[in-house]
Amino acid sequence: MARENDYYTIMSGLGEIDIQGQSVPSDLVLIGDHAFPLAMNPRGQVLMAASRYGQGRVVVLGHESYLTRFPGLIENALMWLMPCTGDAGIVGIQKSLGPVADNLCFSPISAELSDFREGLAIYITDAYSVDACAKDLIAFVKAGGGLIIAGQAWSWAEAHPQGNVFLNFPGNKVCSVSGIYFSEHRGELGVFPVPPNIPSSWLAVSIRKDFKDDLAVLLKGVPEFDIQGGSVASELMVHGPLAFPIAVTPCGKAFIAGAYYGQGRVIVVTHEGFMCRESLSTFLINAIHWLDEGRKGVIGIPSSLGGAHSVLSKSGLNCQFTNFREDLSVYVCTSYSDAQCEQIQDFVAEGSGLLIGGHAWHWAHTHPRNNVMTEYPGNHILNKMGLCILGSHVSGGLYKAPELENSSKEVYHFRNVLQQFGEHVTKGHKLAPHVEGCLRQLGNDCSSYLHMRAHDCASYNSVITLLTDMVKEAGVPQVCSNCPVQSPRDHLMLKVGSELYKVSPDPDALLPYIIKNRPDLPTLSNARIRINVDTVFEEWISTGLYLSPGMRTYMAIPPELIGKNWQVQIGCQTDNLGAADVLKRPCVVHQRYPLDKEMVQVCNLWGGLIYLVAPPKSKVDGVEIVVQTSIQAPYFKSGETSVADWVGGIRQAPAPWAELEFENIIITLESSIIRNLERPDEVAALWDSIMRAVADLAAKPQKLPRKERYVADVQISNGFMHAGYPVMMHSGSASGLINTEVARKGLWGAIHELGHNQQCGVWEFPPHTTECTCNLWSVYVHEEVLGVHRANAHPAMTPENRQERARGYAKGGRDLKNWSMWVALETYMQLQEKFGWDAFKKVFAAYQTMSGVPGDNAGKMNLYAETFSKTVNMNMSSFFKAWGWPIQPSTEEKIAHLPDWSDHPMKQYE
C-alpha cells in the first residue's frame, strides 16, 4: 500500500500521458524493492518511474522534455519529494533548465536556478550533466533529499557503441542506486491512460542486458567448474533483470551467478568452500577483477575465510584480512549473516563489489517452517540484487562453462525463459528447443519466486501479471487418475496455477481457471473442536471437518495456543510429487498456517481435511477451537463414536475423505470406501490387536506415544507404500485395511511400513537392514495376531526360498555386500527360531537405555552380537561370523565365558 500511495500522490489528477512527437524517451529498467513505474506503454516499457534511497526519494523521467511537458506531474512530484521537515525547502534547478523554473513561478514552491549545492530540499537536473556531482547527489538523496532526473540514454549508446550504458551513462551514475536505470532502448510513443494503480505488464519481465562482455571477462581461461567433493552447493535462483547465471548444470540449475546492483556488482557462489578451491582459482581471480572494475582497491576478507584469502591473493590485488569497511573496493563474505545487510547493499549500490558464498540447504533443513526465499540471512542481502539462494542442492560434478556465443540465447535465465513461455501460452509462439528442455526448472523457479511475496516490488508484480494471464488464457490441466498430467508444459501450468493461487491479489478470480468443477457440499457453522493432548512428537489432531477446494473459513483460537508453534493443516496427503514424470494429482495438495492470532483465516486450493498440528511436548486440556464454516467428514473415533451413530448417519457425511481413529492408529481414506462399513468396532478391535503387537515387539508400552497414521492417496512419492508419519499408500490398497476378513488373510506390506517406523538407528545397519528388520514386525503380527504362519505370509518366506537364500549366500563367500533384505532377514529368522520373540524384545529394551553406541556399522554389529549373546546367555560369535559379520577379538573376549552356539543353522554350509 505504501507504493500505491506514493504512486497516487505523484500521478493524481493526470488522466493520460501524451508522449507523441519528436521526444523519444528511454525505456527504464527497474530493480530492487523500492522502484516502481509511473508511466508504462502497452509494450511494457517503463517511461517514468520513482523510487526511494536511504531517507530520500527519486523521480526519473525517460526524456528531459517531460520536465516542462507535464507541469502537473512535476508539481505532484515536488510535493512527494519534499522532505518531511515541517518547512518548505528550496528547490534547486539545473541552470540550463530555465523553462522548468518558469513553470513553477506561480506555485508556492521556492525555486532557484543553480548548480547543485548543500541546503537544497530538492534538486532537478537532466541526466547528462551529473558526472561531476554524482557522488554528492547520491549522498544528498541518501540523507533525505529529493531528486528529479530526466533524460534518455539511447543517443548516448549510439555514440558509445562499446560503452556500458548501465554503468557509464551519466544519469545512471546517480539514479541506479535507487534501482532505476536508463537503458539504450527507445520507448514506444503514444497516448497512454494513467491507471488508478501502479501499472504492471508481463512484457516488462524480459531481461534488458546482454551479459556476453561480462562473461567474457569472468570465464577467461575457465573451461569448466569443478564442484566435486564434500562441499554441497545450493541451487541459486537468478531472477533480476540485471542478474545473470555464470555456472549452470545441464538441467538449468545455477550455482554461481552475478548481477549489477546500482553502480556496483555482486557474484554469488553457493558454497563458501568454493572460494577456497584451487581448481576454481582462475574464475575467482577473474571475479575479483570484474568486481574491482580496475580500481585496484583493497579486497576485504574476514579472517574466517583464510582459504579464500590464500586463493585470491594471487590476483595481484591488495587482499587484506578485515571485516566489512565502507572504504573497501570489494568485500568477500559468507551468506550466513545479515548483520550489516543495509550497509552492504549501499556499499554495492554506490559502486563497490561483493563476492558472497554460502549454501542454504542446511538452513532450510533446520528451519522447516521458515521461508528460505525471504528469511535466510544471505537472501536479505541478495534478493534486492535479483539473486536468491534456494534450499535445494546441486549435485557435485564437473560442469562445462557456458559458451559465450550462446550465453544470451541458450543458457537458462528465469526471466528470459519465463517471457518466452508466456508468449507461447498467450500468443501461440513456438518454443525454442532449449526452452522446451527446461520447463521443469522453470516451474520450480516460478514456485520459488512466488514465495517471495514481494507485492511492493514492480518486477514481482510483472511476473504475477504474466502468470495470471497465462492461467486465464490456457487454464490449468484438470489432473486426476483418469487424466494424468504428462507433458512438461502441463506440469508447469499445474504448478504455476497452484502457487499463483496462494499469492494472487485476487485468488477467487483464478479458481474457475484452476478447478473447473467444484463440489457444492452442505456446510456446518461454528463447529467446536475440543483439544486434550499431551504430545511427545509433533502430532496431527483430527477434527472430523473438511474444506472444499478454495473454500475459506475463519478459526477462533484460544489464547493457550496462540504463538506456541501450533498450526492448522488443510489436507492429509503430504507427499510432494515434484519428482514424478506423470502426475495423477497436483504435486503439493496440503497447506499449513500458524496459529498466531485470535482469528486465523485458512484455505487450501485443493481442499482437504482439517487438522490441528500440535508441536512436540505440548500439554493442553480442554481448550476449544471454533471453525466458522466447514463440511462434516465421516469420522469414527473409538470410545466416542457409537456404532449406531456411525451407521445412522455419520458414515454418510458429505466430505469426500473419511477417518477411522482407533487406540493406536488412524486410517484416512476416501469416503466412498466406508459408506457401507457396518461394524467399525470390529475393525477397531483388529487394529487394536495389531498395534499392541507392534508395540509389544518393540518393547514399548501398549499405548504408543503417538498414534500411527495410514493415509491413502491416488499417487504417492515412493514405492507401493512408504513409511513415515503418516504411512502413505495407494488408494486401491486402502479397502484391505478395513475389511477384517481380507485383513486376516495377510497385511504384509502395511505392517512392513509400521515396522519401518519402529526401526532404531542404534541396532540398524544401513543399507543392509533397511528393508530387512522392518519385516520382523510383519512376521510377528501375522503369526501372533492374524494366525498366518510365516511360510504363508509372503512368498519369499517359504522354507524352500529361505534355505536357498542362506545356501547361496554361504556359497557366495558370505560377503556383506550381498547381505540385505531377504538374505539379511534369514539371519534374524534363525535367531528367532532358536531363541523366540522374547529374545528380540529384551534386546530392543536393552538398547532403549544404552548410551555410547558406535556410529559405524562394524561397531554396531559387534555391539549387537554382544548384546544378543548376553541376552540369551550364549556365545553367538561363531553364528554371526558365519553370516560374514566383522566380529572383533575384543567382542569375542567379552562373551567367551558363555557357552558356544555350536550347532547353529549356518554350520551346514561350512
Side-chain angles (χ1 to χ4, degrees), residues 31 164 166-167 209 211-222 225-227 231 233-248 253-277 279-295 297-302 305 307-309 311-312 314-315 317 319 324 328-336 344-345 347-349 351-360 378-379 381-390 394 399 401-402 404 407 411 413:
I31 68 168
N164 187 324
F166 289 91
L167 286 183
K209 188 181 186 309
F211 300 99
K212 188 178 294 185
D213 291 342
D214 302 288
L215 289 170
V217 174
L218 292 164
L219 299 178
K220 185 178 180 180
V222 182
F225 292 90
D226 183 356
I227 60 166
S231 298
S234 275
E235 186 180 348
L236 182 61
M237 184 177 180
V238 183
H239 60 80
L242 296 180
F244 58 98
I246 298 170
V248 182
K253 296 181 184 296
F255 54 92
I256 301 177
Y260 285 75
Y261 182 68
Q263 279 292 289
R265 301 173 175 182
V266 60
I267 284 180
V268 183
V269 298
T270 55
H271 198 290
E272 69 278 13
F274 296 167
M275 298 191 293
C276 309
R277 285 199 176 184
S279 61
L280 296 174
S281 60
T282 301
F283 166 74
L284 292 167
I285 291 171
N286 290 347
I288 289 296
H289 282 291
W290 184 78
L291 293 167
D292 179 66
E293 297 186 60
R295 293 183 293 270
V298 176
I299 314 302
I301 306 171
L305 292 173
H309 185 278
V311 170
L312 298 176
K314 299 174 184 178
S315 65
L317 296 174
C319 295
F324 175 73
L328 298 172
S329 176
V330 178
Y331 182 52
V332 181
C333 65
T334 68
S335 62
Y336 304 126
I344 291 173
Q345 288 170 339
F347 170 76
V348 177
S352 300
L354 176 68
L355 174 60
I356 184 169
H359 58 79
N379 287 337
I381 298 172
L382 294 171
N383 268 338
K384 287 186 178 182
M385 301 178 182
L387 298 164
C388 185
I389 303 174
L390 303 180
V394 173
Y399 297 108
L404 292 182
S407 62
V411 172
H413 189 292

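Every heavy atom of this structure was used, including side-chain atoms; hydrogens, water molecules and symmetry mates were not. In this chain, residues are counted from 1 in sequence order.
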Counting N and O atoms only, with roles assigned by atom type, does the side chain of [X] sit under 3.5 Å from a partner on the main chain of [Y], one being a donor and the other an acceptor?
{"X": "H239", "Y": "H413", "value": "no"}
{"X": "S234", "Y": "L390", "value": "yes"}
{"X": "R277", "Y": "D226", "value": "yes"}
{"X": "S329", "Y": "V298", "value": "no"}
{"X": "D292", "Y": "G353", "value": "no"}

Is there side-chain contact between [X] and [Y], with heavy atoms separated by less than 4.5 Å?
{"X": "I227", "Y": "V394", "answer": "yes"}
{"X": "M385", "Y": "V348", "answer": "yes"}
{"X": "L387", "Y": "M237", "answer": "no"}
{"X": "W290", "Y": "I267", "answer": "yes"}
{"X": "H359", "Y": "S335", "answer": "no"}
{"X": "C333", "Y": "I356", "answer": "yes"}
{"X": "H289", "Y": "V217", "answer": "no"}
{"X": "L312", "Y": "V332", "answer": "yes"}

What distance separates [X] [atom1] from [Y] [atom2], expressed to the nearest 0.5 Å?
{"X": "I301", "Y": "I299", "atom1": "CD1", "atom2": "CD1", "value": "7.5 Å"}
{"X": "F166", "Y": "D214", "atom1": "CZ", "atom2": "CG", "value": "10.5 Å"}
{"X": "T334", "Y": "H271", "atom1": "OG1", "atom2": "NE2", "value": "11.0 Å"}
{"X": "L305", "Y": "E272", "atom1": "CG", "atom2": "CD", "value": "7.5 Å"}
{"X": "F244", "Y": "I256", "atom1": "CZ", "atom2": "CD1", "value": "11.5 Å"}
{"X": "I381", "Y": "C388", "atom1": "CD1", "atom2": "SG", "value": "12.5 Å"}

Please name the pair of heavy atoms, one in [X] and one in [Y], separated by the smallest distance, quoted to 0.1 Å.
{"X": "A257", "Y": "P245", "value": "CB-CA, 4.0 Å"}
{"X": "Y260", "Y": "I31", "value": "O-CD1, 4.1 Å"}
{"X": "C276", "Y": "A308", "value": "SG-N, 3.4 Å"}

Audit row: N286, L219, side chain to side chain contact (heavy atoms under 4.5 Å, CB included) steps and yes/no: CA-CA 7 Å; N286 290 347; L219 299 178; over 6 Å; no

Side chain to side chain contact (heavy atoms under 4.5 Å, CB included) between L354 and L291, worked out: CA-CA 7 Å; L354 176 68; L291 293 167; 5.8 Å; no

More than 12 heavy atoms from other groups under 6.0 Å of NZ on K220: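 At most 12 heavy atoms, drawn from other residues, nucleotides or ligands, come within 6.0 Å of this atom.
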
Evaluation steps, side chain to side chain contact (heavy atoms under 4.5 Å, CB included), between R265 and L167: CA-CA 10 Å; R265 301 173 175 182; L167 286 183; 3.0 Å; yes

Verdict with supporting geometry, L355 and Y331, side chain to side chain contact (heavy atoms under 4.5 Å, CB included): CA-CA 6 Å; L355 174 60; Y331 182 52; over 6 Å; no

Ring centres under 6.0 angstrom apart (F347, F324):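 Judged by ring-centre distance (under 6.0 Å), F347 and F324 do meet the cut-off.
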
Flag for Q345-Y261: side-chain donor and acceptor within less than 3.5 Å: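 Looking only at side-chain atoms, Q345 and Y261 do not form any donor-acceptor pair under 3.5 Å.
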
Parallel, tilted or perpendicular: rings of Y399 and F255 (30°, 60°):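 Taking Y399 first and then F255, their aromatic rings sit tilted (interplane angle of 30° to 60°).
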
